[in-house]
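Naming: A, B, ... by sequence-line order, numbering from 1 per chain. Owing to the predicted nature of the structure, the values given are computational and were not obtained by experimental measurement.
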2 protein chains.
Amino acid sequence: MVSRPSLETATASDPDRFVEPLELGKRVKEIRLTKGWTLEEVSKRTGIARSTLSKIENDQVSPSFTIVQKLIKGLGMDLPQLFVEASEHSIAGRRDITRKGKGEPHPTATYEHELLNFSISRKKMVPFKTKVRARSFDEFKEWVRHDGEEFLLVLEGRINFFSELYEPIELKEGDSVYYDASMGHTVVSTSSKDAEILWVVAR
Amino acid sequence: MVSRPSLETATASDPDRFVEPLELGKRVKEIRLTKGWTLEEVSKRTGIARSTLSKIENDQVSPSFTIVQKLIKGLGMDLPQLFVEASEHSIAGRRDITRKGKGEPHPTATYEHELLNFSISRKKMVPFKTKVRARSFDEFKEWVRHDGEEFLLVLEGRINFFSELYEPIELKEGDSVYYDASMGHTVVSTSSKDAEILWVVAR
DNA sequence: TAACGCTGTTTCTTTTAGTAAACTTTTAGA
DNA sequence: TCTAAAAGTTTACTAAAAGAAACAGCGTTA
């Protein structure tokens, strides 16, 4: 019996409950219209029949993976991009301002973090300003290490940037470093005053 | 999979040339084994028949979009993750330092960008410092708008931050804003000297 | 080594997707 | 506003994918 319940209601035990709506069709149409293309043009670009494209846009079919790949190529978009949209909640049309010094404080023994723009929750990046208290590498029990990538900009003072795979390096105001955060890393101040840095993390 | 019989042998105009191999099956199997799951377990989690899963892993079919969605949910993975692999490599264990003023310059009529940490290519974030030349909103022909999210920190001077859905707001040194970059946005200096800002973009 | 349970593969049937062509609607031109 | 062309939709049919069940391979156990 198996269902093709694209238009029916899913019950709690229906395996289809796992599937989010994700209006692929709507998205495809949007992109096509933005570029000012007709179905025929997209058809030529992708090798997909005009009729098939129409059905996809109107959610009358669930295109196969090969078709989706052709679509992506033909519409000239990144692969993830097409899908992501709906599944990964976006911050669509939002904006969040943090005034100087008004971030959310997160003090630790070695760092004094100030989390910026904390009112938007699901974001790709986490920016924070940090006063570096630590003066020596020994103050850390072990490497800091986590998923994702990190960008660091020295706003004030001087720091030593330690990392697992490289020699320590001194960074002055205005210098920046971008690194894989799964590689152990820590920072200590080398200026007389505690250094201040900006950190942006992306998972 | 399998090519359409209606199409002739591959030529420069063969639409199939656009489609990358992208071994979805191999990838799915990898993930399943990593988690130590059997086909049956995945079947229960996803609601996809064991036999179908086997065929997918062995590239005997090109699963439909609904099936792909179920797979993603069931395997508990981000959507992009599944596909990306081939195209996006990680920066594993890398580090890249840019000294003050030593970024890659990208001047435009309204902004003077300095791209930071440009030697690492495939990264999640793109950081750059910008001198804001523009003094009035009119200098822009239209909204700047692109995929992803953006973080902005004022390093020096004052700016007006314009965005499609909000009233303009003045930001001073140390203020920051985080926003959806697909919402139209532009920035102009309001201080006597051109303002300097840090921008970090994530797709 | 026979029998069992569990894994993954294959076969077979049903259901769905994909195409060409017919059809309908919209747009543009005189 | 009439007409022609082009855009999008639906139909009718073929090709392909999804599922159920049969099958084959492999350790484990008796």
Would you kindly give the [atom1]-to-[atom2] distance between [X] and [N], to the nearest whole Å?
| X | N | atom1 | atom2 | answer |
| --- | --- | --- | --- | --- |
| B/D59 | D/dA18 | CG | P | 13 Å |
| A/L71 | C/dA17 | CG | P | 15 Å |
| B/I48 | C/dT16 | CD1 | C1' | 15 Å |
| B/F65 | C/dA17 | CZ | P | 13 Å |
| A/I67 | D/dA15 | CD1 | P | 15 Å |
| A/I56 | C/dG18 | CD1 | P | 6 Å |

Practice prompt. Choose from C/dT19, C/dA17, D/dA17 the nucleotide whose nearest atom is closest to any side-chain atom of B/V61.
Written response: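 The listed nucleotide nearest to B/V61's side chain is D/dA17.
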Discussion item. Under 6.0 Å from the ring centre and within 45 degrees of the ring axis: does the NZ or CZ of B/R95 meet both conditions for the six-membered ring of A/Y179?
Written reply: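 No, a cation-pi geometry is absent between B/R95 and A/Y179.
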Discussion item. Using modelled atom types and a 3.5 Å cut-off, is there a donor and acceptor pairing between side-chain atoms of B/T46 and backbone atoms of B/I48?
Written reply: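 Yes: the side chain of B/T46 pairs with the backbone of B/I48.
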Discussion item. Please check: side-chain N/O of A/H185 versus main-chain N/O of A/M183, any donor-acceptor pairing under 3.5 Å?
Written reply: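 Confirmed, A/H185 side chain pairs with A/M183 backbone.
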Can a salt bridge be assigned to the pair [X] and [Y] using a cut-off of 4.0 Å between side-chain N and carboxylate O?
| X | Y | value |
| --- | --- | --- |
| A/K100 | B/D175 | no |
| B/E196 | B/K129 | no |
| A/K102 | A/E114 | no |

Fill in: Nearest-nucleotide 5' precedence on DNA chain C, A/L53 against B/E41
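Residue closer to the 5' terminus by nearest nucleotide: B/E41.
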Are there any protein N/O atoms within less than 3.5 Å of an N/O atom in nucleotides 8-11 of chain C, and if so, which ones and at what distance?
from	atom 1	to	atom 2	distance (Å)
C/dG8	OP1	B/R32	NH1	2.9
C/dG8	OP2	B/L39	N	2.7
C/dG8	N7	B/R50	NE	3.4
C/dG8	O6	B/R50	NH2	3.0
C/dT9	OP2	B/S54	OG	3.0
C/dT9	OP2	B/N58	ND2	3.4
C/dT10	OP2	B/Q60	NE2	3.3
C/dT11	O4	B/K55	NZ	3.4

